[in-house]
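Please read all numbers here as calculations on a predicted model, not as lab measurements.
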Amino acid sequence: MVMVMAEEEENALSIEPEFPKSRVKKIMTLDEDVKRVSSEALFLVSKSTELFLQLLAEKSAEVAIEKKRKTVKLEHIRIAVKRNRPICDFLLDSLPMPTETAKSDKPVVVADRPKSVPVGTRRIDQIFRKSEAQAQVEAEVEAQVEAEVEAQIEAQVEAQLEDEIEVQVEAQLEDEIEVQVEAQASEPVPEPMEES
């Protein structure tokens with residue numbers, strides 16, 4: 001009974017993706033055709049990515065073990081991708097070219113082969129970089145928002161000050177009127193003179 005409950009808890013915990021939802025959503029909305037992302041789509045993309053990376057890590061680790069290595073290297077990932085072409089084929093163009101070690105143990109970069117990248121494809125590092133135009137637009141928007149917020153705060157402060165001044169003036173006038181009324185009430189009223 002306890003074993004079954006522990007397995008259920010473990011399964012329930014593994015359902016939730018490990019990637020930050022906001023980051024996945026940001027990457028998804030980088031596509032100009034995507035305006036909004038439903039929570040279901042966000043979950044499926046996050047979970048699919050997690051499962052894909054888990055598969056890639058497992059296959060790369062198997063290659064490393066076959067090569068009698070403890071550390072998974074780029075060449076192991078490349079071999080794993082080639083072995084699982086239907087699933088991982090798109091990665092071949094994105095992975096950096098492997099280096100070959102010469103007799104002097106200095107890495108020599110193998111000449112890059114021409115890459116055939118589909119139109120509209122961007123490298124993953126380009127996703128997180130901002131273009132100059134985008135940075136300028138964001139700076140302008142930020143400056144505009146700051147100016148609007150400052151104007152709103154200034155208007156609120158002025159309105160508050162006007163209200164406070166008005167209340168104080170009214171209170172002073174009421175006090176002065178009350179003092180005058182009391183002063184007049186305490187003065188003896190002259191008796192009217194009788195005509196003879």
Side-chain angles (χ1 to χ4, degrees), residues 1-101 107 109-142 144-146 149:
M1 174 90 176
V2 174
M3 181 78 152
V4 172
M5 289 176 62
E7 287 179 12
E8 287 177 4
E9 286 180 15
E10 188 175 305
N11 289 339
L13 292 176
S14 67
I15 290 175
E16 191 66 29
E18 293 186 28
F19 293 113
K21 291 179 183 177
S22 60
R23 184 66 54 91
V24 174
K25 187 173 183 177
K26 182 177 181 180
I27 293 171
M28 289 174 71
T29 55
L30 287 173
D31 185 344
E32 293 158 1
D33 295 333
V34 177
K35 302 292 181 218
R36 299 171 74 191
V37 179
S38 70
S39 59
E40 293 86 8
L42 183 61
F43 172 80
L44 288 173
V45 169
S46 297
K47 196 62 178 174
S48 300
T49 304
E50 185 179 322
L51 292 172
F52 172 75
L53 289 175
Q54 182 179 0
L55 172 79
L56 183 61
E58 288 172 359
K59 298 298 181 183
S60 300
E62 288 174 10
V63 172
I65 291 170
E66 288 173 13
K67 302 275 185 183
K68 299 183 180 176
R69 300 283 183 204
K70 292 183 179 180
T71 305
V72 175
K73 296 186 177 184
L74 177 61
E75 65 188 63
H76 303 140
I77 296 171
R78 185 171 283 284
I79 293 169
V81 166
K82 285 181 181 177
R83 286 183 184 172
N84 296 284
R85 277 209 174 199
I87 299 171
C88 306
D89 194 33
F90 69 96
L91 285 177
L92 285 176
D93 293 331
S94 299
L95 288 172
M97 294 302 292
T99 58
E100 291 183 6
T101 310
V109 178
V110 176
D112 286 338
R113 62 183 161 94
K115 295 181 180 180
S116 59
V117 179
V119 175
T121 303
R122 296 188 294 174
R123 290 183 48 93
I124 191 75
D125 58 345
Q126 291 173 334
I127 291 174
F128 295 103
R129 261 193 241 140
K130 292 181 183 176
S131 67
E132 289 181 28
Q134 186 180 10
Q136 184 178 5
V137 167
E138 285 181 4
E140 289 173 0
V141 168
E142 188 176 321
Q144 184 179 2
V145 167
E146 283 181 14
V149 168

Going through the checks in order, is the side-chain contact (heavy atoms from CB on, under 4.5 Å) test met by Leu51 and Leu55?
CA-CA 6 Å; Leu51 292 172; Leu55 172 79; over 6 Å; no
Apply the test side-chain contact (heavy atoms from CB on, under 4.5 Å) to residues Val24 and Thr49: give CA-CA distance (whole Å), side-chain angles for both, the deciding distance (0.1 Å), then the verdict.
CA-CA 10 Å; Val24 174; Thr49 304; 5.9 Å; no
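To the nearest 0.5 Å, atoms CD (Glu18) and CD (Gln54) are separated by 9.0 Å. Once rounded to the nearest 0.5 Å, the distance linking CE of Met28 with OG of Ser46 reads 7.5 Å. Atom NZ of residue Lys67 and atom NZ of residue Lys73 lie 12.0 Å apart, to the nearest 0.5 angstrom. To the nearest 0.5 angstrom, Leu44 atom CG is 8.0 Å from Ser38 atom OG.
Within the 4.5 Å cutoff, side-chain heavy atoms of Arg83 are placed close to those of Val63. At a threshold of 4.5 Å between non-hydrogen side-chain atoms, the residues Lys82 and Arg78 count as touching. Side-chain contact between Phe19 and Leu53 is present, with at least one heavy-atom pair separated by less than 4.5 Å.
A pairwise comparison of heavy atoms in Lys35 and Thr29 identifies O-CG2, 4.5 Å as the closest pair.
Applying the ring pair (Phe, Tyr, Trp, His ring centres under 6.0 Å) test to every pair with at least one member in residues 52-88, sequence neighbours left out, gives these pairs: Phe52-Phe90.
Take Lys21 and apply the side chain to side chain contact (heavy atoms under 4.5 Å, CB included) test, not counting sequence neighbours, and it matches Glu16, Leu42. Qualifying ring pair (Phe, Tyr, Trp, His ring centres under 6.0 Å) partners for Phe43, counting only residues two or more places apart in sequence or in other chains: none.
In summary, Lys47 and Glu50 engage in a salt bridge, as defined by a charged side-chain N under 4.0 Å from a carboxylate O.
Within 6.0 Å of CD in Glu32 there are 12 or fewer heavy atoms belonging to other residues, nucleotides or ligands.
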